[in-house]
A.B. asks: 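The structure is given below, and queries will be raised subsequently.
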Amino acid sequence: MTRGWVDPSGAITPTGKAARDQIEDTTDRVCAAGIDREATARGITVEEPLRALARSIVATGAVAFPNPTGGQRP
């Protein structure tokens with residue numbers, strides 16, 4: 001709470017959302033800088049199998065939504 005990212009109830013504040021958005025933007029830029037076209041093409045070829053796997057895991061109830069990581073349903 002000392003940074004003001006969450007309020008006393010644990011809910012994210014506008015300051016917290018802005019900080020999270022900045023962190024996400026920074027990690028996206030850093031990751032994108034290290035991925036070339038070939039790596040992107042390889043990633044695309046595994047995307048659907050990974051989504052299928054994620055859907056299977058979600059179907060078991062092992063992952064709750066919403067969840068603390070902010071993950072969305074596949």
A.B. asks: Does this structure show an ion pair linking D21 with K17, if we count only N-O contacts that are shorter than 4.0 Å?
C.D. replies: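 Here D21 pairs with K17 in a salt bridge, since their nearest N and O are under 4.0 Å apart.
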
A.B. asks: Return yes if some donor-acceptor pair links the side-chain N/O of T13 with the main-chain N/O of D7 below 3.5 Å, else return no.
C.D. replies: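 It does not hold such a pair.
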
A.B. asks: Do any side-chain atoms of residues 52-59 form donor-acceptor pairs under 3.5 angstrom with protein atoms, and if so which ones, sequence neighbours left out?
C.D. replies:
residue : atom : partner : partner atom : Å
R55     : NH1  : E48     : OE2          : 3.1
S56     : OG   : A52     : O            : 3.1

A.B. asks: Over all heavy atoms of both residues, which pair between R20 and G70 is shortest? Give the atoms and the distance, please.
C.D. replies: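 Scanning both residues completely, I find the closest heavy atoms to be NH2-CA, 4.3 Å.
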
A.B. asks: Tell me, do L50 and E47 make a side-chain contact under 4.5 Å, heavy atoms counted?
C.D. replies: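 Side-chain contact under 4.5 Å: no.
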
A.B. asks: With a 4.5 Å heavy-atom cut-off, do W5 and T15 have their side chains touching?
C.D. replies: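 Of all side-chain heavy-atom pairs linking T15 with W5, at least one is under 4.5 Å.
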
